[in-house]
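Input: a single structure, listed below in structure tokens.
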Amino acid sequence: METILIVGGGAGGLELATQLGHKLGKKKQAQIILVDKNTSHIWKPLLHEVASGSLDTSTDGVAYSAHGAKHFYQFQHVEMIGLNAQSKSVRLAAMFDEEGRLVVPERELAYDTLIMAIGSVSNDFGTQGVAEHCYFLDSPKQADKFHRSLINAFVRVNQADAREYLNIAIVGGGATGVELSAELYHVAALAQRYGLPQINAHRLRISLIEAGPSILPALPKRISNAVRTELIKLGVEVLENTKVASAVENGFFTAEDKTIRADLMVWAAGVKAPDFIKQLGIFELNRMQQILVTPELQAKGVDDVFVLGDCCGCQQEDGSWVPPRAQSAHQMASLIAANILRRRAGKALKAYHYKDHGSLVNLSRYSTVGNLMGNLTGNSLFIEGRIARFVYISLYRMHQVAIHGWLKGMLMILVEKINRAVRPKLKLH
């Protein structure tokens, strides 16, 4: 029986495992195995809500093992640490318990087809002090770490003199930095309801630092201008054309030798594929360390390996790279699933063509702006307010339906709404 191994349970990896599980795993035509170093899945565009405390990973996450049992694939909680393309096997790290005792030793796992879907990590560009002093939001674990520090900071400021503020500096004016900035003002207002009466938006000082000339540089100018206006209304200090030279314990130094004081510092300035991919020494890579692929999303020069998501270096006909977005991963997962089935049937593989359905930026409960249709019409439709918020939420609902099916997806949406009505709106632990 063919073994199809998927490494990485992000949006694309989990959707692919679900599709192949129903197409092949259910019929015992292939063994589908999903490998991830985490035990549960959170849609990556929502990690800023995990960081702020608006989203609880313990209730909103998807447990891989339970999901796999219902969708006909196997899950292994382990980290990939090596690849032998000649023998077609991956090396998996040893697993230890909380006391450091060995649970499972390092081992090899053979495959017939491998899909690399290990996502991306923040790119600090080698900036001095960033790794030591900044928080990152690449995973639920990192987002939870920031959240705990945020709550501790709220408690400290709540007990301090009324003239003391909580200073938070966020480097990176992309979607993550922008959305986190707005979400933090929202949770500061919520904190008053949950035993922190002295915490409010007025005691929060947020600096959003962007090295380029504009925040949201990948989006149309009208959107970035609208978002900048909304952020300034909230109280965010938007610092464009500001390059960070180094980070220290209590803030940043800019290239112009300006000091930006901060109690908490978040780095969200660009992404790259994990260094692990480069260390393998097997794949052809681009500047972002993404794995270069053929038009059919197969790794160049390596047999029986497909690539999807943020770690996929797919160059379009105009020379641009497919952007590392959730919609890209979703489209790639669907194509790879189809190509695996076509290959099994002896048919020619289809080429991948990225379809830009537009972009949306959600500023918590305050506003949502974006553009729709993208290159489907050649023009962009600017939307904002409630309509934009509805479309933004719909993107996540589509992901839920993709991994759970229509019936369970709708039921989970209903349960989620009930939970939000009865449980605290802010996670405080």
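We use all heavy atoms of the structure for the numbers below, so side chains are in, but hydrogens, waters and symmetry mates are not.
Judged by distance alone, the side chain of H77 and the main-chain N or O of K37 form a donor-acceptor pair under 3.5 Å. The backbone N or O of G21 lies less than 3.5 Å from no partner atom in the side chain of H71, so there is not a single donor-acceptor pair. Judged by distance alone, the side chain of Y64 and the main-chain N or O of D36 form no donor-acceptor pair under 3.5 Å. Put simply, the side chain of N38 never gets that close to the backbone of S40: no donor and acceptor are under 3.5 Å apart. With N152 contributing its side chain and R148 its backbone, the two residues share a donor-acceptor pair below 3.5 Å. Q74 places no side-chain N or O within 3.5 Å of a backbone atom of Q31 that could act as its donor or acceptor partner. Using a distance-only test at 3.5 Å, with no hydrogens or angles considered, a donor-acceptor pair links the side chain of W267 to the main chain of N123. Distance alone, capped at 3.5 Å, is enough to place a donor-acceptor pair between the N200 side chain and the R203 backbone. Looking only at distances, a side-chain donor or acceptor of D138 sits under 3.5 Å from a matching main-chain atom of S122. Under a 3.5 Å cut-off, the side chain of T242 and the backbone N or O of E240 do form a donor-acceptor pair.
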Given H186 and S52, is the side chain to side chain contact (heavy atoms under 4.5 Å, CB included) satisfied, shown in steps? CA-CA 9 Å; H186 176 47; S52 68; over 6 Å; no

In sequence, state the C-alpha distance, the side-chain angles, and the governing distance for I33 and I4, and then conclude on side chain to side chain contact (heavy atoms under 4.5 Å, CB included). CA-CA 6 Å; I33 302 175; I4 301 174; over 6 Å; no

Residue pair L109, Q76: steps toward the side chain to side chain contact (heavy atoms under 4.5 Å, CB included) verdict: CA-CA 11 Å; L109 181 59; Q76 293 197 25; 4.2 Å; yes

Take Y111 and V90 through the side chain to side chain contact (heavy atoms under 4.5 Å, CB included) test and state the conclusion after the steps. CA-CA 8 Å; Y111 66 84; V90 299; 4.2 Å; yes

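The two residues L47 and A143 come nearest to each other via the heavy atoms O-CB, 3.7 Å. Contact detail for L216 and G174: the closest heavy-atom pair is CD2-C, 3.6 Å. The minimum heavy-atom distance between A191 and I199, with the atom names listed, is CB-CG2, 3.8 Å. Of all non-hydrogen atoms in K300 and V293, the two that sit nearest each other are CE-O, 3.3 Å. Across all non-hydrogen atoms, the minimal contact from S181 to I206 is O-CD1, 3.6 Å. The heavy-atom pair separating V305 from M116 by the smallest distance is CG1-CG, 4.0 Å.
The side-chain heavy atoms of I118 and M80, taken from C-beta on, include no pair separated by under 4.5 Å. Residues Q331 and Q327 form a side-chain contact, since some pair of their non-hydrogen atoms from C-beta on lies under 4.5 Å apart. Residues F283 and V302 meet the side-chain proximity criterion, which asks for heavy atoms closer than 4.5 Å. Here the side chains of I336 and L20 are not in contact, with every heavy-atom distance at 4.5 Å or above. Residues C312 and L297 have side chains in contact (heavy-atom distance under 4.5 Å, counting atoms from C-beta outward). Within the 4.5 Å cutoff, the side chain of L114 has heavy atoms near those of the L83 side chain. Between S328 and P323 there is a side-chain heavy-atom pair separated by less than 4.5 Å. Counting heavy atoms from C-beta outward, V171 and V130 have side chains that stay 4.5 Å or more apart.
A donor atom on one side chain and an acceptor atom on the other are found under 3.5 Å apart for N225 and R228.
Around atom CD of E256, more than 12 heavy atoms belonging to other residues, nucleotides or ligands sit under 6.0 Å away. The environment of E98 atom CD is sparse: at most 12 non-hydrogen atoms of other residues, nucleotides or ligands sit within 6.0 angstrom.
Summarising the geometry, atom CG belonging to L137 is positioned 6.0 Å from atom CG belonging to L180; distances are rounded to the nearest 0.5 Å. The line from NE2 of H399 to CG of L46 is 8.5 Å long, rounded to the nearest 0.5 Å. Taking SG of C311 as the start and CE of M288 as the end, the distance is 10.5 Å to the nearest 0.5 Å. Of the inter-residue distances, the one linking W43 atom CH2 with E49 atom CD reads 10.0 Å to the nearest 0.5 angstrom. Here L5 contributes atom CG and T3 contributes atom OG1; the two are 8.5 Å apart, rounded to the nearest 0.5 Å. Atom CD1 in I340 sits 7.5 Å away from atom CD1 in I32 (nearest 0.5 Å).
Judged as a salt bridge (charged side-chain N to carboxylate O under 4.0 Å, His left out), and not counting sequence neighbours, E108 has no contacts. Every residue meeting the side chain to side chain contact (heavy atoms under 4.5 Å, CB included) condition with V401, not counting sequence neighbours, appears here in chain and number order: W406, M410.
The pair E237-R205 does not meet the salt-bridge criterion, since no charged nitrogen lies less than 4.0 angstrom from a carboxylate oxygen.
Aromatic ring pairs are classed by plane angle as parallel below 30°, tilted from 30° to 60° and perpendicular above 60°; the pair F146 and Y135 is perpendicular. Y354 and Y352 have tilted rings, their planes meeting at an angle from 30° to 60° on a 0 to 90° scale.
Between Y73 and H67, the ring centre distance stays below 6.0 Å.
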Per-pair distances, 0.1 Å, donor-acceptor, side chain in residues 257-266, under 3.5 Å, sequence neighbours excluded:
unit_1	atom_1	unit_2	atom_2	d
D263	OD2	N167	N	2.8

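In summary, of the residues considered (Q279, K272, K278), a side chain to side chain donor-acceptor pair (under 3.5 Å) with D275 occurs for K272 alone.
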